[in-house]
**Student:** 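Quick one: this structure, given as structure tokens, is what I'll be asking you about.
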Amino acid sequence: MSLLSVKITKRALHLVLFELLFVSLQPIFQKKTRVMQKNLVIVESPAKAKTIEKFLGKEYKVMSSYGHVRDLKSKEFSVDIEHGYVPKYVVPTDKKKLVSELKSFADKAECVWLASDEDREGEAISWHLSEVLKLKPELTKRIVFHEITKSAILKAIENPRDIDINLVNAQQARRVLDRIVGFELSPILWRKIKPSLSAGRVQSVSVRLIVEQERQINKFKAKASYRVIANFLLPDGTTILKAELTKRLKDLEEANAFLNSCIKAQFKISDIQKKPVKKSPAAPFTTSTLQQEAARKLGFSVGQTMMVAQHLYEAGLITYMRTDSVNLSNLALATAKETVHNEYGENYYNFRQYHTKSKGAQEAHEAIRPTYIDNATITKGTAQEKRLYELIRKRTLASQMADAQLERTTLTVTAEGINERFTAVGEVMVFDGFLKLYRESSDDEEDNDKESGLLPKVSLSEILEMQEITATERFTQRPSRYTEASLVRRMEELGIGRPSTYAPIIQTIQKRGYVIKGDKEGVERSYHVLALSKTGEIKESLNTETTGNDRNKLMPTDIGLVVNDFLMQYFPSVLEYNFTANVEKDFDRIAEGKSKWNASIDKFYKVFHPMVDKTLAIKTEHKVGERLLGTDPKSNKPVYVKIGRYGPVAQIGDSVDKNGEKNAEKPRFSPLMEGQSIETLELEEAIRLFDLPRTVGMFEDQEMTAAVGRFGPYIKFQGKYVSIPKTSSAMAITEEEAIELIKDKRKKDKERLIKQFDEEPEIQILNGRFGPYISFKKKNYKIPKTIEDPKTLSLEDCQKIIKEAGEKPVRKSTTRRTKKK
DNA sequence: CAGTGAGCGAGCTTCCGCTTGACTT
């Protein structure tokens, strides 16, 4: 009772205060609070809502739906296969509050304007909104705009339309198809390969790309040839002209013969060709190209780029970052023109309009550009945000700048009696144009530093003195592994995935363990060099180089390989690179009203589902991907490698014998070590795995053992575990190294403890990954940001923090679902 | 997260596309 009364008085006090404030501020306040907002506009993003509200004025309330407000249930199939594939939609729990807020405003409004994006998903969002909020058709208007400018929005308001149910149906077809594929394929993988795996229209094809690239690399055989480069001395006696033989020579013998033929030859300039070359700027950024350039120029991961871009967008500095459009608004074009004029001069300007080439683009937004193009830099924000902003601005401006004009000169050097010719190519910039501001990078590192500069002045028929000619053995390049960004580019080419999903999909395929992002050590290889000196001697040498060194590249794991091979065998049609492109054609027909969405799904399901049944019915004696390596000479038992419940393992022995009788001895298992693969592991290596756990040595009169566990190789000592770093392994680690590791770990543990209390040893203040925290009875508690030095906390302070944290509802326990019978 | 894995067996996992925070140890 007393609590309640306090509350009431407090509330009353607030009211009085508010009244006072209100009266004093009335002239300013009145308009905003008194005028009932007749119009409710709903957009997808809150940042957009904020901007638009400013354009529309006081009669419009603008709210955000935060994307979709309704979806299929996340844990149930939710598609009624027997009755026309009717989807069962629900409002997800974390959207309930938002939906009820939207509803209360919608109920009060005289008109609700559904302003979600103009694409399939956007149309569906509007439809779901109208369903969930029970909007009255006569009071509901659907509007669209592609750019967030006042004129575009006012124009949209003047031209409302109805919800396009055909487009909505195309989205439902997309949604239902993805659910069917994902929720029918994944359980097959759980049963046949490993629990918790997943398959889907987009992720499985992405994994396939990486798997096939890796296999191409494994299959690849480098072909050698000889590249010949000559240094000629010009008649002035000092200038060197470097020229390359246009043909590559087949082998050492041919190279030798060629160099021999050059000994007495008299070289001269036999041709000079000049021709103008122009270079044009790249189109403004889309999500995909931004991710690629930010990776190349700034070293950002795809996820990082999106996070930084999101911040820029929320701060109102750039336009929307999830887009497939290269289009710039008229306003943007006009300011770009003005900025180029002001900063570089009129001759640097060139009006350009770009068109999207990528498959399945829906172009609901503008290209990614600065909101205010004239702002060269941003003053607030992190270093990353500043760098990304400048990249976006340069790209945008450059896209409206003049071509670069170059003059390319090709000199040809020949000699009597020699059939082949040497050429030297030089480029001279006549007009830099857009290159003054921005140059697009290439994935091929050689491209990026292939700067051919100015050639020395020569005249036709000039005689050259040969200084040196070298023939160097060069090899053809193996295909390159995908980076996150180059995978996105390939996905976009194939039309799989959308700007909003590129980053999450890449995360998913790594989380499932199909793919890892990592480094690959290169291998040494030797190559021949033949050098002809001006005195006519030919010297041969053998040099070495490292090749195939890779950093931060995507590589398939054993699980990825096995899952991919399995899906390729039983569901080749879904794994087809153009599966998505083909179903998109269906969706387009649905959107045009030319076909029924559930008929289209039915056509697919009638073919797809029997494949599912057939695959499930197959009884195999061995696990998918299992390989018999041979027999263990010690036990005379078979040795296998396969995907176990926790990943790749080697196995000695079977649980049952040939007659199906249970063996007395259980099989033994050992996880594979880093760098090993079930595809390539050999018998001896597999048997050696069973040497673990092995005794490494003694420390403080106790035994240290080494083994490989769930989290990699470790040392076990006194019942405690210490991880072995990548520089060593469970097999190789020595007694001394192990002792060093244990000492290190002890020191770190000591540093971890900031403070402890004698009265209550269970409370500890520890240093963790995210800074100091309090640990009590196996649970962790955050220290409030107001505390500067955690050392100063007293026992009472800590107990208070624990108590207060304990009162807050724990999310985990509330999300537990009640189970069905 | 904790150093396992042939089975007595519950219940769980999973898709793609829209959107942001809240929170982590």
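Just so you know, these numbers use all the heavy atoms, side chains as well, and skip hydrogens, waters and symmetry mates.
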**Student:** Taking 4.0 Å as the cut-off, does a side-chain nitrogen or oxygen of A/K75 come that near to OP1 or OP2 on B/dT13?
**Tutor:** yes

**Student:** For A/R490, what residues pass the salt bridge (Lys or Arg N to Asp or Glu O under 4.0 Å) criterion, not counting sequence neighbours?
**Tutor:** A/E493

**Student:** Distance between the C1' atoms of B/dG7 and B/dG11, in whole angstroms?
**Tutor:** 16 Å

**Student:** Output yes when at least one side-chain N/O atom of A/Q203 is less than 4.0 Å from OP1 or OP2 of B/dC16, else no.
**Tutor:** yes

**Student:** Can you tell me if the side-chain N/O atoms of A/R70 get under 4.0 Å from OP1 or OP2 in B/dC18?
**Tutor:** no

**Student:** Near DNA chain B, which residues from residues 120-132 of chain A have a heavy atom under 4.0 Å away?
**Tutor:** A/E121

**Student:** Going by salt bridge (Lys or Arg N to Asp or Glu O under 4.0 Å), name the residues that satisfy it together with A/K585, two or more places apart in sequence or in a different chain.
**Tutor:** none

**Student:** Tell me, please, which residues at least two apart from A/E314 pass side chain to side chain donor-acceptor pair (under 3.5 Å).
**Tutor:** A/Q310

**Student:** For DNA chain B, what string of dots and brackets results from 5' to 3' when Watson-Crick and G-U pairs need both distances under 3.5 Å, crossing pairs get [ ], and pairs with another strand get |?
**Tutor:** .........................

**Student:** Between A/A364 and A/D324, what is the shortest heavy-atom contact and its length?
**Tutor:** N-OD1, 4.5 Å

**Student:** Please list, chain by chain and in numerical order, all residues satisfying side chain to side chain donor-acceptor pair (under 3.5 Å) with A/E44, sequence neighbours excluded.
**Tutor:** none

**Student:** Tell me every residue that passes side chain to side chain donor-acceptor pair (under 3.5 Å) with A/K637, counting only those two or more places apart in sequence or in another chain.
**Tutor:** A/E665

**Student:** Mind checking what makes salt bridge (Lys or Arg N to Asp or Glu O under 4.0 Å) contact with A/K720, not counting sequence neighbours?
**Tutor:** none

**Student:** For DNA chain B, determine which residues of residues 169-176 of chain A have any heavy atom closer than 4.0 angstrom to one of its atoms, and list them numerically.
**Tutor:** A/R174, A/R175

**Student:** OP1 or OP2 of B/dC15 versus the side-chain N and O atoms of A/R512: is any pair under 4.0 Å?
**Tutor:** yes

**Student:** Would you say a side-chain N or O of A/S186 is under 4.0 Å from OP1 or OP2 of B/dT13?
**Tutor:** no

**Student:** With sequence neighbours excluded, tell me which residues meet side chain to side chain donor-acceptor pair (under 3.5 Å) with A/W127.
**Tutor:** none

**Student:** Can you name the salt bridge (Lys or Arg N to Asp or Glu O under 4.0 Å) partners of A/R174, sequence neighbours left out?
**Tutor:** A/E121, A/D178

**Student:** Identify which nucleotide among B/dT14, B/dT20, B/dG5 has an atom closest to any side-chain atom of A/V649, counting heavy atoms from C-beta outward.
**Tutor:** B/dG5

**Student:** Looking only at side-chain N and O atoms, does A/R498 come under 4.0 Å of OP1 or OP2 in B/dC18?
**Tutor:** yes

**Student:** Can A/R201 be said to sit on top of A/F579's aromatic six-ring, NZ or CZ under 6.0 Å from centre and within 45° of the ring axis?
**Tutor:** no

**Student:** Is there a residue in residues 42-51 of chain A whose heavy atoms reach under 4.0 Å of DNA chain B, and which residues are they?
**Tutor:** A/E44, A/S45, A/P46

**Student:** Under 3.5 Å, is there a donor-acceptor pair between the A/T319 and A/E366 side chains?
**Tutor:** no

